[in-house]
Amino acid sequence: MSEMGLIVQKYGGTSVKDAERVMNVARRITAAYQAGNNVVVAVSAQGDTTDELIEKANEINPRASKREMDMLLSTGEQISIALLAMAIEKLGYPVISLTGWQAGMHTNSNYGAARIKTIDTERIRMELDRRRIVIVAGFQGINKYDDITTLGRGGSDTSAVALAAALRADVCEIYTDVDGVYTTDPRICSKAYKLDEISYDEMLELASLGANVLHNRSVEMAKKYNVKLSVRSSLNNNEGTYVKEVSKVEKMLVRGVTRDNDCARIALCGVEDAPGKAFQVFEMIAKAGISVDLIIQSIGDGQTKDISFTVAEADLEPALKLLEENNDFIKAREIKSSKDVSKVSIVGAGMVNNSGVAAKMFEALYDAHINIKMIATSEIKISVLVAQKDAENAVNAIHDKFLSK
Ligand code: ASP
Ligand code: MG
């Protein structure tokens with residue numbers, strides 16, 4: 001197999017949702033094989049199977065153990081590998097399906113969010129040497145007790161990248177129902193367009209800001225092992241987006257704009273202006289397992305100051321309860337909160353060495369008469385908090401400013 005190319009492909013749930021789509025995927029796989037490549041495929045459960053399995057479990061025991069949940073959820077992928085292998089058999093090609101454990105996917109024991117530790121590739125290599133197409137169940141592995149584990153929702157991307165890294169594949173192609181990675185969500189900005197390429201770091205930021213294209217950990221792993229990723233559609237032959245190490249000249253100032261409505265703001269007004277206040281507040285919040293995103297603290301006047309921060313919407317009630325219960329100790333004059341806020345962010349590796357990016361972003365918002373409530377910056381990202389009703393306008397205004405063609 002050393003002379004041949006090795007491609008790892010991944011097909012998501014929508015790409016294999018019914019018999020017709022499974023046949024379509026089988027044809028794409030066999031075309032790559034026919035072109036002279038060795039092909040290993042990671043596949044997700046069909047359509048909404050995973051959600052349906054979770055519902056089934058909830059009907060019986062909403063507090064089922066994580067081990068049994070993984071036993072159940074892993075069956076979704078086992079169905080798709082068998083069906084896909086049957087489709088490839090029908091086209092007359094040599095193929096074999098393998099579950100996670102048959103494929104040597106060893107994970108830790110963190111059921112429901114397991115991490116891949118090693119892949120024992122012996123079986124896969126043996127099958128490739130026999131010129132078989134290898135179909136591997138995504139999202140699952142096996143731990144040291146020989147129990148089935150799953151990698152967390154969306155984890156098939158990570159299975160594919162791990163396979164590509166372990167097998168030293170030439171490329172890892174992630175097939176989905178969109179054409180690639182866009183400058184922003186085309187549903188809210190008609191001028192959004194597909195990017196030809198994006199760096200690992202930019203993709204990581206976009207993934208954690210809620211651009212729902214790739215599983216975060218798959219990007220981390222691709223970066224670590226330098227796996228070249230291609231994100232593309234299983235429904236057409238358009239060139240997708242390459243995720244790779246981008247050279248200096250190719251660095252764009254701003255590569256994408258995101259919006260996240262799932263955030264809520266808490267403001268602690270009139271907190272005593274003394275050392276240790278922020279520590280007290282955020283330690284308490286962290287101990288409750290609540291993650292904080294943007295933080296802002298006003299200049300104190302020696303007497304009092306204001307501290308505000310954002311959390312995910314689902315964490316708002318528990319965070320407020322905690323703060324109110326402990327206010328004897330924190331002594332905020334008033335605790336305010338709002339869910340009607342959104343976080344709008346720009347991401348671009350080129351902003352590291354460029355001053356003026358923030359000013360340009362704020363100018364776009366000013367021109368659109370949008371008030372900024374909070375600001376946070378990092379090396380390759382700037383986020384602002386705005387009223388939720390303004391978020392779509394904000395995305396469009398910022399996209400026009402930085403990314404108009
Ligand atoms: N079937 C799993 C899920 O829905 C894994 C995946 O699709 O990547 O989360
Ligand atoms: Mg996915």
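All ligand and atom numbering here is 1-based and tracks the order in the structure.
Donor-acceptor pairing under 3.5 Å is recorded for the side chains of Arg28 and Asn237.
Judged as a ring-ring contact (aromatic ring centres under 6.0 Å, His included), and not counting sequence neighbours, Tyr242 has no contacts.
Ring geometry for Tyr93 versus Tyr33: interplanar angle over 60°, hence perpendicular rather than tilted (30 to 60°).
Screening Asp147, Asn143, Thr149 for a side-chain hydrogen bond (donor to acceptor under 3.5 Å, both in side chains) involving Arg67 leaves a single residue, Asp147.
Checking only distances, Gly152 never comes within under 3.5 Å of ligand 1, N or O to N or O. Inclusion of Asp157 in the set of residues having an N or O under 3.5 Å from an N or O of ligand 1 is not warranted.
Residue contacts with ligand 1 do not include Gly76, since none of its heavy atoms lies under 4.0 Å from the ligand. At a 4.0 Å cut-off, not a single heavy atom of His215 sits close enough to ligand 1 to count as contact. Heavy-atom separations between Gly155 and ligand 1 include at least one value shorter than 4.0 Å.
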What side-chain donor-acceptor pairs closer than 3.5 Å can you find for residues 190-203, not counting sequence neighbours?
from   : atom 1 : to     : atom 2 : distance (Å)
Lys191 : NZ     : Asp400 : OD1    : 3.0
Lys191 : NZ     : Asp400 : OD2    : 3.4
Tyr193 : OH     : Leu403 : O      : 3.2
Lys194 : NZ     : Glu239 : O      : 2.3
Glu197 : OE1    : Lys244 : NZ     : 3.1
Ser199 : OG     : Glu202 : N      : 3.2
Ser199 : OG     : Glu202 : OE1    : 3.1
Tyr200 : OH     : Val227 : O      : 2.6
Asp201 : OD1    : Lys223 : NZ     : 2.9
Asp201 : OD2    : Lys223 : NZ     : 3.3
Glu202 : OE1    : Ser199 : N      : 3.0
Glu202 : OE1    : Arg255 : NE     : 2.9
Glu202 : OE1    : Arg255 : NH2    : 3.3
Glu202 : OE2    : Arg255 : NE     : 3.3
Glu202 : OE2    : Ala349 : N      : 2.6

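Interface of Arg153 with ligand 1, defined as ligand atoms under 4.0 Å from a residue heavy atom, comprises 3 (C), 4 (O), 9 (O).
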